[in-house]
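Every value quoted in this text rests on a predicted model; they were computed, and no experiment measured them.
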Amino acid sequence: MQPPEDPGKQGGGRVLLCRITQDSKLVVEAQLPGVSQPLFTLVHPDGGIIYIADVADGGTIHTVDVLSRRIQSFPSGGQAPCHLTISEDRSTLLCANYSGSSLSVHRLRVGGQLGHRTALVELDGVEPLDAGAVAARPHHLEFARGGNGRELFVTDLGRDVILRFSLEQDGTLHTMKGGLPDDGNGPARGPRSLTWDASGYLWCAEERSSTVSRIHRHNDGLLHRTHTWPASSIARDGLNYPGQIVSSADGRFVYVANRGSDTIAAYNTERDDPRPVDEFWCGGRWPASLIQQNGVLLVANRDSNEVSALLIDPKHGTLSAPRAVLSVHRPSSIAVVPVV
C-alpha cells in the first residue's frame with residue numbers, strides 16, 4: 001500500500017475565519033489574505049494568535065492577530081511545513097518541515113507573536129539519497145505529558161520511527177535515546193499522528209499499515225506498542241490511510257480519520273481493556289482533519305468540499321450521524337479560537 005501524495009503537493013486554498021453557532025454550524029466572517037497553500041493551523045492557548053503552516057515560498061509560518069487580523073509571515077526553515085505545536089510554558093513554537101526533513105524552533109514573545117528562530121534540526125537520512133537511503137519525513141510533534149514539559153516525540157513517516165527530543169532552555173533541541181525505533185519486522189507502519197489518552201498512553205495513527213496502536217512510554221523514554229488494531233474494517237479495495245487522531249475531552253476515547261474508507265473510527269482507551277468502539281461515516285470524502293470541540297467532532301472533508309459535525313456520546317464514545325456545517329473548497333485543517 002502506497003501512502004498519499006507528499007503534503008508539499010497538496011497545498012492550495014485559503015484560510016477562513018468562522019463563527020461557531022450554538023448548533024455547531026460555521027458562519028464565515030472573513031477570508032485572510034496572503035495565505036496561498038495552508039496545510040495546518042494552530043491557535044495559541046491564550047486565543048490571541050493563529051499560526052498557519054504554508055507551503056508557499058519554500059515554507060512559511062504566518063501569524064494572525066485575532067483582534068486586528070494583522071498577518072505577519074516568517075520562513076519555516078524547510079519545505080512543506082505540515083505541523084506546529086507550542087511548548088507547555090508557551091515560550092516556543094516548533095514546526096515539522098515534511099519535505100525539508102527538518103524541525104525548526106521559534107521563540108514566542110509575550111502574547112504569542114513569533115520571535116527569532118533558535119534552532120533548525122536537519123534529520124538524518126536526507127541527503128545524499130543513495131540507493132537504499134530513506135529520507136526523514138517528520139509529520140507530527142507531540143510533547144510528553146507530565147515531567148518537565150520539554151520531552152518531545154516526533155513521528156517520522158519516512159523512516160518508520162518515532163523520534164525523541166528534549167527542548168532546552170536556550171531553544172535548542174537535543175536528541176534523546178528512546179522513542180520507537182523501526183524493529184525491521186514486517187511491513188512499514190508509517191507513524192503519522194499522535195494523541196494522549198486519560199491513562200497516559202500514547203495513541204498513533206499509522207498511515208502505511210492502516211492501523212492504530214496504543215503505545216506505552218517507559219520511564220527511560222522508550223516506547224513500545226501494547227495493542228494494534230485495523231484503522232478501518234470497510235476499506236474499499238483495501239486502500240485506507242489513517243490521518244489525524246484526536247482524544248475526547250476527557251481522554252476516554254480516541255478518534256481517527258480514515259482517508260479512503262471515509263470514516264471516523266472510535267476506540268475506548270480503558271487502561272485494562274482498550275478496544276475499538278465502532279466506525280462511523282465522516283459525512284463526505286477524504287477526512288483530512290478533525291478536531292474535538294465541546295463534545296463535537298468537526299471534520300474537514302477535503303474531496304467533498306465541506307466540513308461536517310458529529311456529536312460524541314460521552315458515555316459510550318459513539319458518534320451521531322454527520323451533519324454538514326460549512327461548504328468550502330478542499331478544507332485541509334481546522335482550529336478553534338477560544339472565546340474569552
Side-chain angles (χ1 to χ4, degrees), residues 1 139-140 142 144-146 153 155 157 160-162 179-180 183 185-219 222-236 238-283 287-299 308-322:
M1 178 183 291
H139 196 279
H140 185 102
E142 189 76 21
R145 299 287 176 88
F153 293 107
T155 61
L157 260 168
D160 206 35
V161 297
I162 298 177
L180 187 65
D183 59 14
N185 297 322
R189 296 198 185 226
R192 178 185 174 93
S193 180
L194 302 170
T195 192
W196 295 94
D197 70 16
S199 299
Y201 287 95
L202 191 61
W203 290 66
C204 183
E206 297 162 330
E207 181 178 279
R208 291 193 174 97
S209 56
S210 186
T211 51
V212 173
S213 289
R214 189 184 78 162
I215 298 172
H216 175 65
R217 178 196 175 278
H218 295 273
N219 290 335
L222 188 67
L223 304 176
H224 85 269
R225 295 178 176 91
T226 66
H227 298 74
T228 297
W229 303 271
S232 175
S233 61
I234 58 172
R236 294 188 295 272
L239 298 179
N240 182 64
Y241 308 101
Q244 192 165 3
I245 189 169
V246 300
S247 302
S248 60
D250 59 8
R252 292 180 55 232
F253 304 98
V254 297
Y255 301 92
V256 63
N258 283 310
R259 300 162 302 158
S261 294
D262 295 333
T263 61
I264 307 298
Y267 299 83
N268 188 314
T269 70
E270 186 175 338
R271 175 185 290 272
D272 297 325
D273 186 25
R275 59 195 182 278
V277 173
D278 208 340
E279 195 170 352
F280 307 87
W281 182 47
C282 69
S289 174
L290 72 163
I291 190 170
Q292 187 278 140
Q293 174 69 13
N294 297 329
V296 177
L297 278 184
L298 295 174
V299 184
S308 59
L310 298 86
L311 300 179
I312 299 173
D313 182 314
K315 183 177 180 180
H316 302 103
T318 54
L319 300 176
S320 69

Restricting to salt bridge (charged side-chain N to carboxylate O under 4.0 Å, His left out), what partner residues turn up for R217, sequence neighbours left out? E151

Going by salt bridge (charged side-chain N to carboxylate O under 4.0 Å, His left out), name the residues that satisfy it together with D262, two or more places apart in sequence or in a different chain. R236

Assess the residue pair H316 and D278 against the criterion (side-chain contact (heavy atoms from CB on, under 4.5 Å)); give the C-alpha distance rounded to whole Å, side-chain angles, the decisive distance to 0.1 Å, and a yes or no. CA-CA 10 Å; H316 302 103; D278 208 340; over 6 Å; no

With no hydrogens and no angle check, just 3.5 Å: does a side-chain donor-acceptor pair link [X] and [Y]?
{"X": "T263", "Y": "N258", "result": "yes"}
{"X": "T226", "Y": "R214", "result": "yes"}
{"X": "Q244", "Y": "S193", "result": "no"}

Looking only at non-hydrogen atoms, find the nearest pair between [X] and [Y] and report the distance.
{"X": "F153", "Y": "G179", "result": "CE2-CA, 4.3 Å"}
{"X": "R259", "Y": "P287", "result": "CG-O, 3.3 Å"}
{"X": "A205", "Y": "P242", "result": "CB-CB, 4.1 Å"}
{"X": "G317", "Y": "Y255", "result": "O-OH, 2.8 Å"}
{"X": "D160", "Y": "A188", "result": "OD2-CA, 3.5 Å"}
{"X": "V161", "Y": "P191", "result": "O-CG, 3.5 Å"}

Just how far is it from atom [atom1] of [X] to atom [atom2] of [Y], taken to the nearest 0.5 Å?
{"X": "R275", "Y": "E270", "atom1": "CZ", "atom2": "CD", "result": "5.0 Å"}
{"X": "D313", "Y": "S248", "atom1": "CG", "atom2": "OG", "result": "11.0 Å"}
{"X": "E206", "Y": "T228", "atom1": "CD", "atom2": "OG1", "result": "5.5 Å"}
{"X": "C204", "Y": "L223", "atom1": "SG", "atom2": "CG", "result": "9.5 Å"}
{"X": "L180", "Y": "R189", "atom1": "CG", "atom2": "CZ", "result": "8.5 Å"}
{"X": "F253", "Y": "L297", "atom1": "CZ", "atom2": "CG", "result": "12.0 Å"}

Has [X] got a side-chain atom pairing as donor or acceptor with [Y]'s backbone, closer than 3.5 angstrom?
{"X": "R208", "Y": "L157", "result": "yes"}
{"X": "S308", "Y": "C282", "result": "yes"}
{"X": "Q292", "Y": "G295", "result": "yes"}
{"X": "T155", "Y": "L194", "result": "no"}

Are [X] and [Y] close enough that some pair of their side-chain heavy atoms sits under 4.5 Å apart?
{"X": "L319", "Y": "I312", "result": "yes"}
{"X": "H224", "Y": "L222", "result": "no"}
{"X": "P230", "Y": "S210", "result": "no"}
{"X": "P274", "Y": "Y267", "result": "no"}
{"X": "S289", "Y": "I291", "result": "no"}
{"X": "I162", "Y": "I215", "result": "yes"}
{"X": "V277", "Y": "T318", "result": "yes"}
{"X": "R192", "Y": "Y241", "result": "no"}

Y201: ring-ring contact (aromatic ring centres under 6.0 Å, His included) partners, not counting sequence neighbours: H216

Apply ring-ring contact (aromatic ring centres under 6.0 Å, His included) to W281 and list each qualifying residue two or more places apart in sequence or on a separate chain. none

State which residue, out of T195, D197, T269, fulfils the side chain to side chain donor-acceptor pair (under 3.5 Å) condition with W203. D197

Sequence-distant partners of R252, side-chain hydrogen bond (donor to acceptor under 3.5 Å, both in side chains), two or more places apart: none

Could you list the residues that satisfy side-chain hydrogen bond (donor to acceptor under 3.5 Å, both in side chains) with S232, not counting sequence neighbours? S261, E279

